[in-house]
There are 2 protein chains.
Amino acid sequence: MGRRSYGQYCALAKTLDLVGERWTLLIVRDLALGPKRYADLLEGLPGIGTSLLATRLKHLEAVGIAARSRLPPPAASTVYTLTTDGVALVHALVPLVAWGAPRLLGRRRRGETFRAEWPLLVLAAGVDREAAARVRDVYEFELDGSFAHLRVDNHDVAVVPGPADRPDVTVRIDVPDFVAIGSGELRIADALADGRLHLDGDPGAIERFFRVFRLGAMIDNG
Amino acid sequence: MGRRSYGQYCALAKTLDLVGERWTLLIVRDLALGPKRYADLLEGLPGIGTSLLATRLKHLEAVGIAARSRLPPPAASTVYTLTTDGVALVHALVPLVAWGAPRLLGRRRRGETFRAEWPLLVLAAGVDREAAARVRDVYEFELDGSFAHLRVDNHDVAVVPGPADRPDVTVRIDVPDFVAIGSGELRIADALADGRLHLDGDPGAIERFFRVFRLGAMIDNG
DNA sequence: CCGGATCCGTAACGATACTG
DNA sequence: CAGTATCGTTACGGATCCGG
């Protein structure tokens with residue numbers, strides 16, 4: 001019949017009633033990267049059953065986390081997006097990610113899928129919108145051989161899969177080192193010095209990059 | 001065989017591999033209230049199967065989130081506690097709770113279990129340890145008719161179920177109003193003015209309460 | 001009585017096939 | 001492309017049983 005519920009008057013239990021089932025939060029993560037078609041989601045979530053994805057999407061739409069839009073011709077396809085509540089939910093996941101990353105991520109194992117845009121979501125969530133005013137830059141990342149970029153456009157940030165066209169800054173680093181910087185175990189200055197982090201671009205753009213994503217504190221103190 | 005995994009090199013997916021299964025995070029929540037016996041946990045999680053609880057506890061212990069201690073006689077029983085990683089995980093859940101509370105909690109429905117200590121965990125997580133130095137107070141809460149209290153003792157806070165012995169401050173409020181204050185929709189000053197919030201105790205203790213739990217901003221601006 | 005383990009029916013999930 | 005239908009497998013829920 002109905003959905004399984006914990007039956008508790010507790011915000012955590014209610015939240016888990018809503019989004020605690022298998023795959024739900026990973027769907028939300030992928031929608032955080034922008035509008036996705038059903039097939040895009042399926043491809044990014046290997047192992048999910050097609051019918052389960054349909055069920056989850058219907059539920060996310062019903063509870064106001066996702067929305068389904070029908071693009072006009074010639075695109076003529078359905079896409080799913082996050083509502084503002086959905087975007088807020090993504091922000092609420094960042095501390096959970098910050099908890100798990102240094103403890104669980106380790107080195108990549110054979111068979112594990114990876115997309116450079118996943119780690120970038122954390123950066124994008126930490127954007128300083130004031131500092132991003134009138135900034136119009138593209139920062140490209142190569143993480144473990146996979147490319148994605150951040151597009152900053154006057155207060156707004158988008159995470160985009162794949163290499164950038166003509167990036168203002170390019171960043172190359174391993175995921176474990178990226179995580180170590182994020183958790184304060186590794187200073188950016190040290191990572192640059194021993195070649196674990198490569199940063200290219202004009203100094204002005206690099207300085208904007210640090211400012212917009214609040215990385216100042218990570219440069220030389222933990 | 002083994003546990004089900006998403007097989008993704010992503011901190012969110014790894015975190016959910018670890019603690020995303022049914023009941024796991026609610027067990028963590030209850031352990032955040034202090035050492036619990038197996039039977040205590042069973043009672044606080046109506047609907048969980050006894051064998052599932054045992055499985056979850058074994059897993060939480062194996063991954064370093066919980067620990068099992070054997071109390072010496074005459075208490076002679078086993079208790080489960082959180083490790084420091086487990087406590088960190090509880091802190092990482094607070095934004096998720098802050099997301100869900102104003103959106104999902106609503107009014108309490110028939111049959112929903114409730115414990116006043118659950119909302120207090122959020123307050124306790126937000127303690128200002130500096131401000132709590134040399135403070136030694138007990139703040140009692142009556143939320144929807146259920147009692148619990150916060151025990152501040154020189155930098156440390158504990159959430160304790162039930163009424164307090166001789167509280168320095170007593171607080172009485174409905175859960176929806178408590179949530180509205182936490183989310184900034186309701187100002188403490190307004191809630192006091194129209195009788196939705198009752199605060200008793202000597203002015204010095206009340207002022208320490210506000211300071212220790214960083215409630216200053218909620219008094220008269222959102 | 002506490003701390004589980006065992007067993008079994010039901011619900012959720014995963015994989016594949018199929019359809020508008 | 002965007003799903004639905006079906007079916008085998010796994011996970012969960014409830015009850016009972018068992019050892020210290």
Open item on the list: If you take any heavy atom closer than 4.0 Å to DNA chain D, which residues from residues 7-19 of chain A end up in contact?
Closed with: none

Open item on the list: Treating A/Thr15 as the side-chain partner and A/Ala11 as the backbone partner, does any N or O pair qualify as donor plus acceptor under 3.5 Å?
Closed with: yes

Task: Contacts of type salt bridge (charged side-chain N to carboxylate O under 4.0 Å, His left out), residue A/Arg68, not counting sequence neighbours - done: A/Glu61

Open item on the list: Restricting to non-hydrogen atoms, name the atom on B/Ala13 and the atom on A/Arg29 that form the minimum distance, rounded to 0.1 Å.
Closed with: CB-NH1, 4.4 Å

Open item on the list: Please list, in numerical order, the residues of residues 24-38 of chain A that have a heavy atom closer than 4.0 Å to any atom of DNA chain D.
Closed with: A/Arg37, A/Tyr38

- [ ] Please list residues of residues 55-67 of chain A whose heavy atoms come under 4.0 Å from any atom in DNA chain C, ordered by number; otherwise none.
- [x] A/Arg56

Solution key, residues 160-180 of chain A side-chain donor-acceptor pairs under 3.5 Å, sequence neighbours excluded:
from, atom 1, to, atom 2, distance (Å)
A/Asp168, OD2, A/Val138, N, 2.8
A/Asp174, OD2, A/Arg107, NH2, 2.9
A/Asp177, OD1, A/Arg196, NH1, 3.0

Task: Contacts of A/Arg136 that satisfy side-chain contact (heavy atoms from CB on, under 4.5 Å) - sequence neighbours left out - done: A/Asp153

Open item on the list: Applying salt bridge (charged side-chain N to carboxylate O under 4.0 Å, His left out), can you list everything that pairs with B/Arg151, at least two apart in sequence or on another chain?
Closed with: none

Task: Under-4.0 Å side-chain N/O to phosphate OP1/OP2 contact, B/Tyr80 with C/dG4 - done: yes

Task: d(CD, B/Glu21; P, C/dA12) in whole Å - done: 16 Å

Task: N or O in side chain of B/Thr78 less than 4.0 angstrom from C/dG3 OP1/OP2 - done: yes

TODO: At under 4.0 Å between heavy atoms, which parts of nucleotides 14-20 of chain C does protein reach? Answer with one letter per nucleotide, 5' to 3': B base, S sugar-phosphate only, - none.
DONE: SSBB---

- [ ] Using side-chain contact (heavy atoms from CB on, under 4.5 Å) as the criterion, list what pairs up with B/Ala39, not counting sequence neighbours.
- [x] none

Task: Under the salt bridge (charged side-chain N to carboxylate O under 4.0 Å, His left out) test, residues paired with B/Arg103 that sit two or more places apart - done: A/Asp85

Open item on the list: Could you check whether any side-chain N or O of B/Thr55 sits under 3.5 Å from a backbone N or O of B/Ser51, counting only pairs where one atom can act as donor and the other as acceptor?
Closed with: yes

Show me the side-chain donor-acceptor pairs of residues 111-126 of chain A shorter than 3.5 Å, one per line, residues at least two apart or across chains.
from, atom 1, to, atom 2, distance (Å)
A/Glu112, OE1, A/Arg109, N, 3.2
A/Glu112, OE2, B/Lys14, NZ, 2.4
A/Trp118, NE1, A/Asp30, OD1, 3.4

Task: Partner residues of B/Ser69 under the side-chain contact (heavy atoms from CB on, under 4.5 Å) criterion, sequence neighbours left out - done: B/Val79, B/Thr81

